[in-house]
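The next block holds one structure in the form of structure tokens; read it before the comments.
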2 protein chains.
Amino acid sequence: MSSDAPGFELPLRLLLAFRALIDELHAELSRQGHPDIRPMHGFVMQAIGPGGTTAVELGRALGVSKQAAGKTVESLERVGYVERATDPHDSRRKIVRLTPYGMDALHRSARIFDDLRARWAAELGVERLRALEADLRKVTPANPWRLDTPGWFTSL
Amino acid sequence: MSSDAPGFELPLRLLLAFRALIDELHAELSRQGHPDIRPMHGFVMQAIGPGGTTAVELGRALGVSKQAAGKTVESLERVGYVERATDPHDSRRKIVRLTPYGMDALHRSARIFDDLRARWAAELGVERLRALEADLRKVTPANPWRLDTPGWFTSL
DNA sequence: ACACAATAGACAACCTGATTGACTATGTTG
DNA sequence: CAACATAGTCAATCAGGTTGTCTATTGTGT
């Protein structure tokens, strides 16, 4: 058939679908007591993880400088999602840990993402959704992490 | 089955797939004589369109202020993708038009996106790819445009 | 016709999130 | 223990965005 979609539709739809999920996530998080959380926060908190990190590690994980990571941590600290404490084993390091409030945000995010996925499953059918996920896995790198998203798109 | 993917994988894969396409596009554009083009440029030039536009309209289309749109146009102008001329019918307006070099970039982008889609078709199978596109259409808003992407993700 | 409102664009000041460079304090190692 | 490496902070700078203000032009209502 010659009715194939133009190539540019694919990236557009992928981005829009991503945005749709993220926007719905944050609308719901806002309803559930996290009105100040921003899209970036989720990624950063995910990168921090349950065990905590340091600014340098976080910067590496996120693909930004340690200074930028430090500033991000500061802003997360201001809204109460993380806290810092000096490492007893190495007094140079300051461990960044999620607060209970941060943990709550992360748990709720996971839950909401599951719900959103369920909505897609209802809309598309479970098999189609699984196929979609499988196909996306095929065309994306195996190791998801190291999203150096910040500024990647916008920088002119 | 309980082997369903966790919900957070979906947005992650969507973003990674988007990035993969955009990165490959720009790698190829660089090879084809457009080394300075940045991801944002393509969206902006697409928004400018073959007929040209003004800073105000562009700002509206992109969801940013007219000043921001003006600055973006300046930077596009510096690298030779657009040019400005005063509207003969309204001497307040300055029409922003794509230069031949800008047109070339846009045409090549369209071609490269088609090629990338063909690669996905080869990898996933034509039917699967069509299903993927159809599913993405179902879960994204009908009218694609008005990507107010700039700063949407990063703003803390 | 003319006063007044609306629009397009430019300029300035400021904000945020990133960068690099320099510096201090602490660990690690030959 | 001297030399080097690492963690974090401070300071200056940059880029891209914002709002506010201003001028020049166009559109409109009486």
Side-chain angles (χ1 to χ4, degrees), chain A residues 36-45 47-49 51-79 81-97 146-156, chain B residues 36-45 47-49 51-79 81-97 146-156:
Chain A
D36 294 332
I37 202 171
R38 307 279 313 128
M40 197 62 206
H41 290 163
F43 282 82
V44 174
M45 292 198 286
I48 291 172
T53 340
T54 69
V56 169
E57 285 175 54
L58 185 59
R60 258 197 278 275
L62 260 44
V64 301
S65 63
K66 60 181 182 176
Q67 293 92 332
K71 288 188 192 179
T72 302
V73 167
E74 266 181 56
S75 90
L76 265 294
E77 202 175 18
R78 267 198 300 277
V79 278
Y81 283 116
V82 305
E83 59 191 0
R84 273 185 289 189
T86 30
D87 184 342
H89 303 328
D90 183 343
S91 51
R92 291 170 306 177
R93 290 160 44 101
K94 291 199 179 168
I95 311 257
V96 180
R97 263 194 226 80
R146 168 86 183 188
L147 318 256
D148 30 67
T149 329
W152 152 74
F153 194 75
T154 49
S155 62
L156 291 176
Chain B
D36 294 332
I37 203 170
R38 307 278 313 127
M40 197 61 207
H41 290 163
F43 282 82
V44 175
M45 291 198 288
I48 291 171
T53 205
T54 69
V56 169
E57 284 175 52
L58 185 59
R60 258 196 278 275
L62 260 45
V64 300
S65 65
K66 60 182 182 176
Q67 293 91 333
K71 288 187 192 181
T72 303
V73 166
E74 264 182 58
S75 90
L76 266 293
E77 202 176 17
R78 266 199 300 277
V79 278
Y81 284 116
V82 306
E83 59 191 1
R84 274 185 288 188
T86 30
D87 185 341
H89 303 327
D90 183 343
S91 49
R92 290 170 306 176
R93 292 160 44 100
K94 290 201 178 166
I95 311 256
V96 180
R97 262 194 227 82
R146 170 86 186 188
L147 321 256
D148 31 65
T149 329
W152 152 73
F153 196 75
T154 48
S155 61
L156 292 177

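Just so we're on the same page: letters track the sequence lines, and every chain starts at 1. Quick caveat, the model's predicted, so the values are computed rather than measured.
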**Message:** Base, sugar-phosphate or nothing for A/A55? Non-hydrogen atoms, less than 4.0 Å.
**Reply:**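 Answer is sugar-phosphate: A/A55 comes under 4.0 Å of backbone atoms only.
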In this structure, how many angstroms lie between the [atom2] atom of [N] and the [atom1] atom of [X], rounded?
X: A/E74; N: D/dA7; atom1: CD; atom2: P; result: 18 Å
X: B/M40; N: D/dA15; atom1: CE; atom2: C1'; result: 14 Å
X: B/L58; N: D/dG16; atom1: CG; atom2: C1'; result: 14 Å
X: B/R84; N: C/dA8; atom1: CZ; atom2: P; result: 15 Å
X: A/F43; N: C/dG17; atom1: CZ; atom2: C1'; result: 17 Å
X: A/L76; N: C/dT16; atom1: CG; atom2: C1'; result: 15 Å
X: A/R38; N: D/dG17; atom1: CZ; atom2: P; result: 15 Å

Is the phosphate of [N] approached by [X] (side-chain N or O, under 4.0 Å from OP1 or OP2)?
X: B/T72; N: D/dG17; value: yes
X: B/R93; N: C/dA6; value: no
X: B/K71; N: C/dA10; value: no
X: A/S65; N: C/dG21; value: no
X: A/S75; N: C/dG17; value: no

Minimum heavy-atom separation for [X] and [Y], please, with both atom names.
X: B/R84; Y: B/V96; answer: CG-CG2, 3.8 Å
X: B/L76; Y: B/H41; answer: CD2-CD2, 3.5 Å
X: A/G52; Y: A/R97; answer: CA-CG, 4.2 Å

**Item:** Donor-acceptor pair under 3.5 Å, B/Q67 side chain vs D/dG16 base
**Value:**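 For B/Q67, whose side chain was compared with the base of D/dG16, there is no donor-acceptor pair (under 3.5 Å).
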**Fill in**
The reported gap from NZ in B/K71 to OG in B/S65 (rounded to nearest 0.5 angstrom) is 8.0 Å
**Asked** Does the side chain of A/T53 pick up a donor-acceptor pair with the side chain of A/E57 at under 3.5 Å?
**Response** no
**Message:** Using the side-chain contact (heavy atoms from CB on, under 4.5 Å) criterion, which residues pair with B/A69? Sequence neighbours excluded.
**Reply:** B/L58, B/V64
**Request:** Any chance you could list the contact pattern along nucleotides 23-30 of chain C? Use B for base contacts, S for sugar-phosphate-only contacts and - for none, protein heavy atoms under 4.0 Å, 5' to 3'.
**Result:** --BBS---
**Asked** Which residues satisfy the salt bridge (charged side-chain N to carboxylate O under 4.0 Å, His left out) test with B/R92, sequence neighbours excluded?
**Response**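 Residues passing salt bridge (charged side-chain N to carboxylate O under 4.0 Å, His left out) with B/R92: B/D90.
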